[in-house]
Engineer: 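This is the structure, below, for whatever I ask next.
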Amino acid sequence: TTHSLPGKPTLIRCRSPEKETFTCWWEPGSDGGLPTTYALYYRKENSDTVYECPDYQTAGENSCFFNKNNTSIWVNYNITVVATNELGSTFSDSVDVDVVYIVKPNPPEKLRVVIMEDNGYPFLRVSWEPPHKADTRSGWITLIYEIRVKLEGRNDWEVHLAGQQKMFNIFSLRSGGTYLVQVRCKPDHGFWSEWSSPSQVQVPEYF
Amino acid sequence: TVSTSDLLDRVSEHSDMIHSLSTILSQDLDSQLPPVGRMLLPRPSMCHTSSLQTPMDKEQALQISKSDLLSLARSLLHAWADPLLFLSTSAMTLPQLAQSSVSNKIQELKQHSQTLGDGLNILSDRMGQAAQAISSLPYSGGNDLGQDKISKLINLHFLLSCFRRDSHKIDSFLKVLRCRMANMVPEMC
Ligand code: NA
Ligand code: NA
Ligand code: NA
C-alpha cells in the first residue's frame with residue numbers, strides 16, 4: 001500500500017440562519033491511506049491573529065459552528081481548512097465570508113392549514129410562524145414568504161408570494177381533493193429557506 | 001404630512017432597493033474581473049468609511065439609541081454622495097461590456113440615494129437635535145478610475161464592494177429603527 005499526503009479539502013458552504021451565528025462545511029479530499037484530522041482556521045479582516053474553529057461538534061461532521069460570541073457581521077472572515085496525516089498537511093483554498101451575504105433562514109414553523117367557507121365554497125386558510133431563531137420582531141431580519149400548493153398525486157405546484165404576511169387564503173379548490181401545502185421564507189437580503197414539511201388537508205365534497 | 005411610521009416604511013424600501021442594486025452591480029462586476037484583478041483588490045479597511053465605528057452584531061446594534069441609529073445611517077449615506085456622483089460620470093468611460101450593465105444601475109442608485117437622503121433629513125428634523133449629528137467621512141479617492149481596462153474594473157469593483165457593505169449597514173439600521181418606532185404595534189415587525 002502506498003501512503004501519501006491527504007488530498008486537498010474543499011470549503012463547500014458557509015451559511016447563517018439568522019445573521020447572528022454561522023456554520024461552514026467542508027468536503028475532505030482524497031484519502032492518503034492514513035488517519036487524517038481536519039482543522040479549520042480563520043482570520044478576521046484588519047487582524048493578523050489566526051484562530052481555530054471554536055466548535056466542531058454542534059453542526060455535525062466536517063463542519064465548524066460559530067456561536068453569537070464568535071460571530072461579527074460586516075467584517076470578512078478568511079477561512080481555510082487543513083487536512084493533516086503523519087506525512088504532513090494539505091490546505092484548502094481559502095474563502096472570504098461576510099456573514100451578511102450568507103443568510104439562509106430555517107423554514108417557517110407551525111404551518112397550519114384549515115378549511116374555511118365563503119358563500120358555500122371552501123377555501124384554505126394557511127398560516128405559519130417565522131423560524132424561531134430569526135429575530136423578526138426587532139427588525140434584525142425581515143422575512144417574506146412563499147406558499148406552494150398541489151393536489152395529491154399531481155406534479156404541478158401552484159406558487160403564491162405572501163409578502164411579509166404570515167397568513168394566506170387559497171381559493172378555487174377541487175371538491176373532495178387532498179391538498180399538500182408548504183411554505184418557505186427569504187430574508188430581505190439572502191437566500192430562500194428550504195420548504196417546510198408539508199401539511200395535508202382534504203377538501204369536503206361540495207357542488 | 002406623512003406620518004413617521006409611513007416615512008420609515010418608505011425610507012426602508014429605498015435602502016432595501018439600494019442594497020439590492022449594489023449587490024447586483026457587485027456580482028456583475030465580479031464576473032467581469034479577471035482572477036489577477038481579484039488579487040489586486042484593495043482591502044475593505046481601505047474604504048473611505050471604514051473609520052466610522054458601527055456595531056458588529058445584533059446585540060450591539062440593538063443597544064444603540066434611535067437617534068444614533070439614524071445618525072449612523074445618515075453619516076454613511078452622506079459619505080457616498082460624492083463617490084456616487086463620481087461613479088456615475090466615470091461609468092461612461094468603462095469598457096463596452098461593463099458600461100452597458102453598470103451605467104443604468106448607477107444612475108438608479110444615485111436617484112434612490114437622493115430620495116433616501118431627503119426622507120432621512122425629514123426624519124432627523126422630527127427626531128430632534130441628537131439625530132442631526134453627522135460624522136464627516138470625506139472621500140479622497142480622486143476622480144479618475146484609472147487608465148487601463150483592468151485598473152478601471154478593479155477600482156470600480158472596490159468602490160462598489162465598499163458601498164455594498166455600507167448600504168447593508170444603512171438598510172439594517174433603518175429597519176431596526178423602523179421596528180423600534182413601531183413598538184406600540186407589535187404585529188408591525
Ligand atoms: Na464538525
Ligand atoms: Na456576535
Ligand atoms: Na441579510
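All values below were derived from every heavy atom in this structure, side-chain atoms included, with hydrogens, water molecules and symmetry-related copies excluded. Everything numeric here is computed off the predicted structure, so don't read it as measured data. Within every chain, numbering begins at 1; the chains are lettered A, B, ... in the order of the sequence lines, protein sequences first and strands thereafter.
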Engineer: State plainly whether the residues Lys105(B) and Asp28(B) are in salt-bridge range, i.e. N to O under 4.0 Å.
Structural biologist: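 Salt bridge between Lys105(B) and Asp28(B), a charged N being under 4.0 Å from a carboxylate O: yes.
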Engineer: Could you walk me through whether Asp144(B) and Gln147(B) satisfy the side chain to side chain donor-acceptor pair (under 3.5 Å) test, starting with their C-alpha distance in whole Å, then the side-chain angles of each, then the deciding distance to 0.1 Å, before giving a yes or no?
Structural biologist: CA-CA 8 Å; Asp144(B) 183 10; Gln147(B) 294 309 306; 3.2 Å; yes
Engineer: Go through Thr54(B), Leu177(B), Val176(B) and name the one with the most non-hydrogen pairs under 4.5 angstrom from chain A.
Structural biologist: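 Among the listed options, the one with the most contacts to chain A is Val176(B).
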Engineer: Can a cation-pi geometry be assigned to Arg15(A) and Phe191(A), taking NZ or CZ under 6.0 Å from the six-membered ring centre and within 45° of the ring axis?
Structural biologist: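 Output yes; distance and angle both within limits.
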Engineer: For each of Leu143(A), Thr142(A), Val75(A), tally heavy-atom pairs with chain B at distances under 4.5 Å, and name the one with the top tally.
Structural biologist: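 It is Val75(A).
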Engineer: Write out all pairs satisfying salt bridge (charged side-chain N to carboxylate O under 4.0 Å, His left out) with one or both partners inside residues 115-125 of chain A, taking only residues at least two apart or from two chains.
Structural biologist: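 Passing the test, one end in residues 115-125 of chain A: no pairs.
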Engineer: Could you tell me if Lys166(A) sits above the aromatic ring of Trp128(A), with its cationic atom closer than 6.0 Å to the ring centre and no more than 45 degrees from the axis?
Structural biologist: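 Negative - Lys166(A) is either too far from the ring of Trp128(A) or too far off its axis.
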Engineer: Looking at Ile73(A), Val99(A), Thr136(A), which one has more heavy-atom pairs under 4.5 Å with chain B than the rest?
Structural biologist: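 Greatest number of close heavy-atom pairs with chain B: Ile73(A).
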Engineer: Is Asp93(A) salt-bridged to Lys8(A), going by a charged N under 4.0 Å from an acidic O?
Structural biologist: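 Counted as a salt bridge, because a side-chain N and a carboxylate O are separated by less than 4.0 Å.
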Engineer: Applying a heavy-atom distance below 4.5 Å, give me the residues of residues 15-24 of chain B that approach chain A, sorted by number.
Structural biologist: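 Near chain A, by residue number: Asp16(B), His19(B), Ser20(B).
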Engineer: Let me know if Asn76(A) has heavy atoms under 4.5 Å from chain B in its side chain, its backbone, both or neither.
Structural biologist: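 Looking at Asn76(A), backbone and side chain both touch chain B.
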Engineer: What option among Gln60(B), Arg165(B), Arg43(B) has the most heavy-atom pairs under 4.5 Å with chain A?
Structural biologist: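 The residue among Gln60(B), Arg165(B), Arg43(B) with the greatest pair count is Arg165(B).
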Engineer: Tell me if the SG of Cys24(A) lies under 2.5 Å from the SG of Cys64(A).
Structural biologist: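 A disulfide is absent here, as the SG pair of Cys64(A) and Cys24(A) is separated by 2.5 Å or more.
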Engineer: Salt bridge or not between Asp171(B) and Lys175(B)? Use side-chain N to carboxylate O under 4.0 Å.
Structural biologist: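 Salt bridge present between Asp171(B) and Lys175(B).
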